[in-house]
Protein chains: 2
Amino acid sequence: MSKSATKVLQALERVGGFASAQELHLVLKRNQESIGLTTVYRTLQNLVNDKSVDILRKDDGEAIYRLCGDSHHHHLVCKNCGKTVEIEGGAIEKWAQKSGDENGFREIGHTAEIFGICSDC
Amino acid sequence: MSKSATKVLQALERVGGFASAQELHLVLKRNQESIGLTTVYRTLQNLVNDKSVDILRKDDGEAIYRLCGDSHHHHLVCKNCGKTVEIEGGAIEKWAQKSGDENGFREIGHTAEIFGICSDC
DNA sequence: ATTGAAAATGACAACCATTTCCATTTTTGC
DNA sequence: GCAAAAATGGAAATGGTTGTCATTTTCAAT
């Protein structure tokens, strides 16, 4: 399990954030990389087990992955036109960590989105 | 949309925590309630839109639902066993509002979840 | 009470991300 | 070089969820 892992990790770097297995498969296909969808799924599972990759769930239940240790950000999304702004989340990181600690949780992560109506709408 | 909503809410009360749509359908069937699985799904969606019910995702992507408390809160969820703690989100409210203001957004809302591994797991 | 339009219902089929199966290919240890 | 083990990927299966649509129920107007 190595060629595939390398390819998948490269794809994750290229997208630079969260991506679903299917998206990663497409990215690799577009880059002339020959890799099966099954292998992408299997490789992602291995990487998650190795804790090289984080797995999350979108609202619709689809799994999305990202490289561990990526400094991550949040999104401010316009409900009307979809315009998106990237937001730093220092405050929220601390809040999540503190809340987890106080309740005896470990390996704490979080998701957060802000939405509203942008000035153009 | 009322008979079904009542039944689904009763089922949610009976289980007293998180339950999947399929589980709720079974509960209702066991109680001689005649209701279709499709209607259970549709009713749950309506209840989620009304903010009467919370929806979360298990690790395997299956949706689970439960009655929503009245106050706005967030969840600290164990990735392993699903144990859930309700968290006050004062810090995050301010962060969301501030981020939105700074970027000219109005009608600002947000979603946030914290997850980790609880002390029992 | 009767009617008729609009909403709700549910059996069934479609959908789609994910997993399983299995035959083939590649890698590895000797 | 060679056999055993691991990896690969196409096809089929799985399973939760959603879409379809004909039928039933609700309910206000008559």
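The basis for the numbers below is simple: all heavy atoms, side chains too, and nothing from hydrogens, waters or symmetry mates.
- With respect to the salt-bridge test (charged N to carboxylate O, under 4.0 angstrom), the residues A:Glu23 and A:Lys58 do not qualify.
- In this structure, B:Ala11 and B:Val27 approach most closely via the heavy-atom pair CB-CG1, 4.2 Å.
- Separating the CG atom of A:Asp60 from the C1' atom of C:dC15 is a distance of 13 Å, rounded to the nearest angstrom.
- Counting heavy atoms of neighbouring residues, nucleotides and ligands inside a 6.0 Å radius, atom CG of B:Asn31 exceeds 12 of them.
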Query raised in the report: Run the salt bridge (Lys or Arg N to Asp or Glu O under 4.0 Å) check on B:Glu86 and B:Arg66 step by step: do they pass?
Result: CA-CA 13 Å; B:Glu86 292 191 359; B:Arg66 83 163 170 195; 3.4 Å; yes

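- For the pair B:Leu26 CG and D:dG16 C1', the interatomic distance rounds to 14 Å; values are reported in whole Å.
- Side chain of B:Asn103 to main chain of B:Phe105: no donor-acceptor pair is present (N/O by atom type, distance under 3.5 Å, no hydrogens or angles).
- Taking atom CG of residue B:Leu56 and atom P of nucleotide D:dG16, one finds them 18 Å apart after rounding to whole Å.
- Taking the screw axis at each terminus of the helix from C:dA1-D:dT30 to C:dC30-D:dG1 from five consecutive base pairs, the angle between the two is 30° to within rounding of 10 degrees.
- Using modelled atom types, one side-chain atom of B:His25 and one backbone atom of B:Ile35 make a donor-acceptor pair closer than 3.5 Å.
- When the C1' atom of D:dT25 is taken as reference, atom NZ of B:Lys3 falls 7 Å away, rounded to whole Å.
- Checked by atom type and distance alone, the side chain of A:Lys7 pairs as donor or acceptor with a backbone atom of A:Ser34 at under 3.5 Å.
- Put simply, the side chain of B:His110 reaches to within 4.5 Å of the side chain of B:His74, judged on heavy atoms.
- Side-chain proximity of B:Ile35 to C:dG10, C:dT26, D:dT26: nearest is C:dG10.
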Give me, pair by pair, the N or O atoms of the protein and of nucleotides 16-21 of chain C that are less than 3.5 Å apart, along with how far apart they are.
residue : atom : partner : partner atom : Å
C:dA17  : O5'  : A:Gln22 : NE2          : 3.4
C:dT18  : OP1  : A:Ala63 : N            : 2.8
C:dT18  : OP2  : A:Tyr41 : OH           : 2.7
C:dT18  : O5'  : A:Tyr41 : OH           : 3.4
C:dT19  : OP2  : A:Gln45 : NE2          : 3.0

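- If you take CG of A:Leu44 and C1' of D:dA7, they are 15 Å apart, rounded to a whole angstrom.
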